Number of protein chains: 2
Amino acid sequence: MSDLFPPAEYHRRHSAIQARLQAAGLNAILLTQAADIFYVTGFLTRFWESPARPWFVVIPATGNPIAVIPEIGAYLMGKSVLTDIRTWPAPHPEDDGVSLLAEALCDTVPVNGKIGVAMGLETQLRMPLGDFFALQTRLAPRAFVDATDVMHRTREVKSALELEKLRQICTIADRAFARMGEIARVGTNLDMVFRAFQILLLEEGADWVSYVAGGAGQGGYGDVISPAAPIPLRNGDILMLDTGAVKDGYFCDFDRNFAIGTPSPEAARGHQILQDAIYAVMEVIRPNIRALDVHAMLCREITARGGAPCAGRLGHGLGVTLTEWPSLTLHDQTVLPAGMVLTLEPSVDLGQGRILVAEENIVITEHGAEFLTNPAPRDIPVI
Amino acid sequence: MSDLFPPAEYHRRHSAIQARLQAAGLNAILLTQAADIFYVTGFLTRFWESPARPWFVVIPATGNPIAVIPEIGAYLMGKSVLTDIRTWPAPHPEDDGVSLLAEALCDTVPVNGKIGVAMGLETQLRMPLGDFFALQTRLAPRAFVDATDVMHRTREVKSALELEKLRQICTIADRAFARMGEIARVGTNLDMVFRAFQILLLEEGADWVSYVAGGAGQGGYGDVISPAAPIPLRNGDILMLDTGAVKDGYFCDFDRNFAIGTPSPEAARGHQILQDAIYAVMEVIRPNIRALDVHAMLCREITARGGAPCAGRLGHGLGVTLTEWPSLTLHDQTVLPAGMVLTLEPSVDLGQGRILVAEENIVITEHGAEFLTNPAPRDIPVI
């Protein structure tokens, strides 16, 4: 909370959002998602895991933000820079904050005004849909309009303080990956590796581990989102682990590959191709290119080295959620400003249902890009 | 997946949902939330942590369910009982599954039909709001109507197979709590206790730890949703840890209190009052009473013993999310059927901003209730 960032960081964020609201002709923005509310207040709690209660912050185009929250959050929100905190005894089956929220919006938005709410790609409305419809009716003729860009354009440029947090969690995961030899060897069941890897991340300083995925298979793996099975690692397996660990609310999201025993020549070469492609892209990436340009660069660098790039997205934004916009795909035209943090996540198809996926975390700088991770070596580490 | 439950379990769930759809005059239900989709398919992945992609399952009132999902999920969903799986290359900025979903709904819902979607308490629409509006327009005159009850009434009665999973994760957390003396002592910083407790849960067999909260303070604690600070435990502190750990997609949610050194008489007595109140309620609880009746029972039992019950909810449903409906509050009239799993979470106010919170997990049976946890002893354990 107050020890996470100084108040000036939050005031800067509020001003940036308010400038965008004014430019878009919006009178206020309604925030309902954990990441957005954390971003504007520092309100950090795992209590979001419970779907029972909605939480709201209203930022008017001018004036003070208003938190409209369940009373169980009053103490913690009281430590934020917000001074206008209104609470109700949630959950309440007849009126779960709707009246209180309507009042806060009436206080800040004129009768013919516009209220921004995120409606676009990679956003969700974290409140019951029926309550949103009730709110629309009560606030009419005020209109709710899409304001996805207001938060996306603000959040996507990370401050120096945020970069420090992101470097910290990447370093924690770097240290955990460096200890992989302690937990994975021939005969260890994959589900035990997943469990032990989470323990390493906690031991190295993660506050919690929101995401672990991976896979293992002879000369490469197939699916990378399935839960780990109690199947032992074998000589010749390639093991991949991917983590979204959290420190002070900031996420890393990168993976590492390991050869259990001697890797097949195809897997060994695939690893080199992926890392060489990443290193090559890091040399040429510049601010203000587009997401689809980086996608094209990664594919080109892989193909040039004789690899077969996988379809799908080859990276994405990163910050206060495991993944943020944009997506490095064929279609995403988002411009990448200096200060944006990204994952580069190229993969190669080795045939027979086997793939390799690499992933690094980087920040776009004024002149190029820097790794936040200690990047994987060219040659796949052998365990 | 297929090893989680036999196919018959999912077919039973589909039939129960379809019977409710037919009774409500709905032609289909659209599911967007992780828990609902897990419930009807066994699709278990931490990939939901990424807000980038929406996922959909359509269950028609008659006929086969349809999964409409990002292609990255095709392999894992292919292991479910679903036979109609349609995918798109997500995320796609122009059409992120909307056309494909509209087609699936057109296939199953006549032009003047009704599509159920959860709009009520404790639900969220996990897709961009703008895409939902686009879907409404494309499917008109088909209407989207609230179908919160369809999933709530189905999911809230746990099968024998589900109870086995819930007992398993409760037992895992029981074992971790039994080892608290290994990780908490005078001088240990609270944030390190939180970290070490997550490690214990993983060591004891949790797949992951979605929730840890707690607090520590002289003779009781204050806030219970704040992140843990690097503040050392002191003699006379009461330490509380609360966890939502996960095994095979099923959650426990209970806490334990510990005295660091000798507890104050008020804290010691408060612990007895809370546990005695829980034991007393367990003797009289019966199926088909209401949530607010259990709230009243808990308050009465605490008051009768000279305690001051805290305001707020004193328990809630539990299953495939950390909290499920109903809420044990003054206002929740939900009837509690046999097979419902609940937390009993009474708390007492010890004055001066200090509280104690107890929590157990129970199942309502045909004749009463049973603990899923190994309930806390009457006297607060001393470390």
Side-chain angles (χ1 to χ4, degrees), chain A residues 1 44-47 49-52 71-73 75-76 89 91-94 96 117-130 132-133 146 191 194-195 198-199 202-203 207-213 222-223 225-227 244 311-313 316 321-323 325 327 329 331-333, chain B residues 1 44-47 49-52 71-73 75-76 89 91-94 96 117-130 133 146 191 194-195 198-199 202-203 206-213 222-223 225-227 244 311-313 316 321-323 325 327 329 331-333:
Chain A
M1 297 299 295
L44 179 61
T45 172
R46 297 185 83 176
F47 208 66
E49 184 68 30
S50 164
E71 63 189 13
I72 196 169
Y75 172 82
L76 185 59
H92 196 298
E94 281 111 48
D96 212 25
V117 67
M119 300 185 185
L121 205 68
E122 311 210 9
T123 72
Q124 292 136 27
L125 180 74
R126 196 189 178 282
M127 69 183 286
L129 189 58
F132 179 74
F133 291 150
D146 183 25
D191 63 334
F194 273 44
R195 215 165 261 136
Q198 295 175 84
I199 291 174
L202 290 161
E203 286 179 352
D207 293 332
W208 57 78
V209 183
S210 287
Y211 185 73
V212 165
D223 188 62
I225 71 166
S226 295
R313 76 172 177 173
H316 52 79
T321 50
L322 175 68
T323 72
W325 64 92
S327 292
T329 62
H331 308 287
D332 193 321
Q333 312 225 17
Chain B
M1 297 297 297
L44 179 61
T45 172
R46 297 186 83 177
F47 208 66
E49 184 67 31
S50 163
E71 62 188 13
I72 196 169
Y75 171 82
L76 185 60
H92 196 297
E94 279 110 48
D96 210 25
V117 67
M119 299 186 185
L121 205 67
E122 311 210 10
T123 73
Q124 292 135 26
L125 180 74
R126 195 189 179 281
M127 68 183 287
L129 188 59
F133 292 151
D146 183 23
D191 63 333
F194 273 44
R195 216 165 262 136
Q198 295 175 84
I199 291 173
L202 290 161
E203 286 179 353
D207 292 333
W208 58 78
V209 183
S210 287
Y211 185 72
V212 164
D223 188 63
I225 71 166
S226 294
R313 76 171 177 174
H316 52 78
T321 50
L322 174 69
T323 73
W325 63 92
S327 291
T329 63
H331 308 286
D332 194 321
Q333 311 226 19

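So that the names make sense, note that chain A is the first sequence line, chain B the second, and so on, each numbered from 1. In this text, all values refer to a predicted model and were calculated from it rather than measured experimentally.
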| Exercise: identify the closest heavy-atom pair between A:Leu44 and A:Trp208 | CD1-CH2, 4.0 Å
| field | Rounded distance (nearest 0.5 Å) linking atom OH of A:Tyr211 with atom OG1 of A:Thr321 | value | 13.0 Å
| task | Please check if the side chain of B:Gln198 supplies one atom and the backbone of A:Asp207 the other of a donor-acceptor pair under 3.5 Å. | result | yes
| request: Specify which of A:Glu71, A:Met119, A:Glu94 makes the most heavy-atom pairs with chain B at under 4.5 Å. | output: A:Met119
| request: Determine the option with the most heavy-atom pairs under 4.5 angstrom with chain B, choosing from A:Leu125, A:Thr329, A:Thr323. | output: A:Thr323
| Checking A:Asp146 against chain B: side chain, backbone, both or neither under 4.5 Å from a heavy atom? | neither
| Any donor-acceptor pair under 3.5 Å linking the side chain of A:Arg195 with the backbone of B:Glu203? | no
| message | Under 4.5 Å from any heavy atom of chain A, what part of B:Ser327 do you find: side chain, backbone, both or neither? | response | side chain
| So does A:Phe133 have more than 12 non-hydrogen atoms from other groups sitting under 6.0 Å from CZ? | yes
| task | Quick one: which of B:Thr45, B:Leu322, B:Ile199 has the most heavy-atom pairs under 4.5 Å with chain A, could you say? | result | B:Ile199
| note | If you tally heavy-atom pairs under 4.5 Å between each of A:Ala52, A:Pro93, A:Ala311 and chain B, the highest tally belongs to A:Ala52
| query | Of the backbone (N, CA, C, O) and the side chain (C-beta and beyond), which part of A:Pro89 lies under 4.5 Å from a heavy atom of chain B, both, or neither? | reply | neither
| Selection from A:Val209, A:Thr123, A:Asp96 maximising heavy-atom pairs under 4.5 Å formed with chain B | A:Thr123
| message | Minimum heavy-atom separation for A:Pro51 and B:Gln124, please, with both atom names. | response | O-NE2, 3.6 Å
| field | Largest heavy-atom contact set with chain B, pairs under 4.5 Å, which of A:His92, A:Met127, A:His316 | value | A:His92
| remark: Applying a strict 4.5 Å limit to non-hydrogen atoms, the region of A:Phe194 in contact with chain B is neither
| If you measure from CD1 on B:Ile225 to CZ on A:Arg46, what distance do you get to the nearest 0.5 Å? | 13.5 Å
| With respect to chain A, which residue among B:Ile72, B:Asp191, B:Val117 yields the maximal number of heavy-atom pairs within a distance under 4.5 Å? | B:Ile72
| remark: Given A:Ser210, A:Ser226, A:Gly244, the one with more heavy-atom pairs under 4.5 angstrom with chain B than any other is A:Ser210
| Is there a donor-acceptor pair closer than 3.5 Å between any side-chain N or O of A:Glu49 and the backbone N or O of B:Val212? | no
| request: Look at B:Ala213, B:Gly222, B:Gly120 and state which one has the largest set of heavy-atom pairs under 4.5 Å with chain A. | output: B:Gly120
| What part of B:Gln333 gets closer than 4.5 Å to chain A, counting heavy atoms only: side chain, backbone, both or neither? | neither
